[in-house]
Every structure is written in C-alpha cells, then in structure tokens.
Amino acid sequence: MLEKIFSVTKPIIGMIHLKPLPGSANYDPTVYDMKKITEFAVEEAKILEEAGINGLQIENYWDAPFLKGEEIGYETCTSMTAAACEIARNVNIPIGINVHMNGGRAAMAIACAAGAKWVRVFEFVSAYISYTGLTEGIGGELARYRSMLNAKDIQMLCDVNVKHGSHYIVHDRSVNELAYDAQEQGADGIIITGFSTGIAPTKEKVLKARKNIKVPVFLGSGINIQNVQELLSVSDGAIIGSAFKTDGDMTKKVNYQKAREFMKEMENLR
C-alpha cells in the first residue's frame, strides 16, 4: 500500500485543518467564506510540501460540534470536495480525507471525486463513545460503498483505540485484538494514537498493537521532533498536525521552519 502512494519509507502525512465549513456552527462567511477557506488551505498545503512533507490529510477539524457520520450533510461533502480538489491542483504530493465524526462514506465520496489516495476511519470495527455519543464500526458499509464506487485503490486507514473517546465498552479486548479485528475485516492500515490531540501513544502501545499485524501501522497523534526517533522505529509512518503549527498551537498556521526541521530529522532516520 505505502509503495503505491508514497515514494519513501515511513512517510509523514501533514494535516490540513479546514476552517469552519458551511453548515457548521462556527461558519462565518464574513470572516472566512469558501474562497478564503480554500485559499488558506492551499497556502498551508504549499508550505508543508515545500518543507518536504510526503502527503496531506484534509479534514473538517473546525466543524465542531460534530455530527455522527450518517448525519453529515451535502454541504460538508461539497465544501470539502471543493477544497480538496483545489489543494490537489496546487501540490504534487498525495492527499487523503478524514470527515468528523467517523464519516467514512462522506470521506470516500470526497476522495473519489478529488483523487485522494486514502481515507481515515476512526471506528472501522467495534464501537466506542466519542464526542457524538455511541460511535459504531462502519467497516461493512464502507467496504461495500468503496466497491460500489469502483474505488478499491483508495486505502482505508483505520484507527484502533482512537483518541478523544472512551473505549470502556470494549475494555475486555486488547489493543492488539482490536487491531487484528480491523485487519481481518479489511483495513488497509492501522492508526495508533494517544488519548487526545498532541498526545503520543507509547512505544509499548504501538508494539502491542502491531503484533501479528501485516498491514502498515501509522502513528496518529503527538509525534514531534523529540519522540520521532523512538516511535518511528516501531511504526510505518505518521500523521502529524500540532507539531507543525506555530508554537504547537492548533489554532495557528502551519510553520515552515518547524516542519522543515522535523523532515530533516526524518531524512536522517531514513
């Protein structure tokens, strides 16, 4: 899978957090209409590409409070598609899509329209309690939807024990058992996170999760220049947001120097 998408080992995927989109509670066209939202996203994408990032994941991070996947509206899909297409036209690195919360069908549709190479799925199998309440696995419906779209080249990167939620209802299943379940049900890659944005998983958690796992295992939160050597030694790539932001602040713009310094460290590791 990685070889089909990226030209390097242990790829680093940077985050494009779209400003609040039409339909979301904080959308304000007097501050950021779709034209400005797209322009800002393209600018950040170009910064990350110039810094050497290997791919970009586009998501509606600022659309809080989030809807459940099946309730995500046409306005979100069309807005994200417009932004994703414009980003794709302006960079030469692959893009992926994530739609909050667990909007796998929406993400797959956007990816298909925009030429994205992967989607991120917070809950592919099993269930947990997220911001939006009970969030159930969507692997079956998503795999069938991908097949219906004739989009089998779009990879499904699936979280296990994902951040921002409670997994007590499956506490009798280890992280490795959950990862194995996702793999057996067709996940193309596994994502391991800490318990919130900016918090990394431990090396021990990653090692436990990837036992007997044959698909790539990505890190999904908290990776920075201080821990990259340790955590990338036991994983196949990483998705990074806050570490590339000015002052590490999610509300601020991506910072070329921070991203470039990180990628220099990655180049040494490779």
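Remember, it's a predicted structure, so these values are computed and weren't measured experimentally.
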### Task
Without swapping roles, check the side chain of Ser221 against the backbone of Gly194 for a donor-acceptor pair under 3.5 Å.
yes

### Query
What distance do Glu261 atom CD and Asn224 atom CG have between them, rounded to the nearest 0.5 Å?
12.5 Å

### Message
Testing Arg146, Lys4, Lys152 one by one against Asp188 for a salt bridge (Lys or Arg N to Asp or Glu O under 4.0 Å), which residue passes?
### Response
Arg146

### Query
Quick one: do Ile95 and Val42 end up in the same hydrophobic cluster if we chain Ile, Leu, Val, Met, Phe, Trp and Tyr together by side-chain heavy atoms under 4.5 Å apart?
yes

Would you call [X] and [Y] a salt bridge, taking side-chain N to carboxylate O under 4.0 Å as the test?
X: Glu267; Y: Arg260; answer: yes
X: Lys46; Y: Glu50; answer: no
X: Lys117; Y: Asp153; answer: no

### Query
Are Trp118 and Phe218 close enough that their ring centres sit under 6.0 Å apart?
no

### His17 side chain near Lys245 side chain, heavy-atom distance below 4.5 Å
yes

### Query
Do we get Lys19 above Tyr32's six-membered ring, with its NZ or CZ under 6.0 Å from the centre and within 45° of the axis?
yes

#### Entry: CA sep, side-chain torsions, deciding dist, call: Tyr128, Val170, side-chain contact (heavy atoms from CB on, under 4.5 Å)
CA-CA 8 Å; Tyr128 79 119; Val170 290; 5.8 Å; no

#### Entry: Exercise: identify the closest heavy-atom pair between Ile97 and Met80
CG2-CE, 4.1 Å

### Query
What closest approach, in Å, do Ala209 and Ala179 show between heavy atoms, and which atom pair accounts for it?
O-CB, 3.6 Å

### Query
Between Lys10 and Asn54, is a side chain to side chain donor-acceptor pair (under 3.5 Å) present by the stated rule, with each step listed?
CA-CA 9 Å; Lys10 298 185 183 293; Asn54 310 119; over 6 Å; no

### Task
Anything under 30° is parallel, anything over 60° is perpendicular, the rest tilted; go ahead and classify Phe66 against His100.
parallel

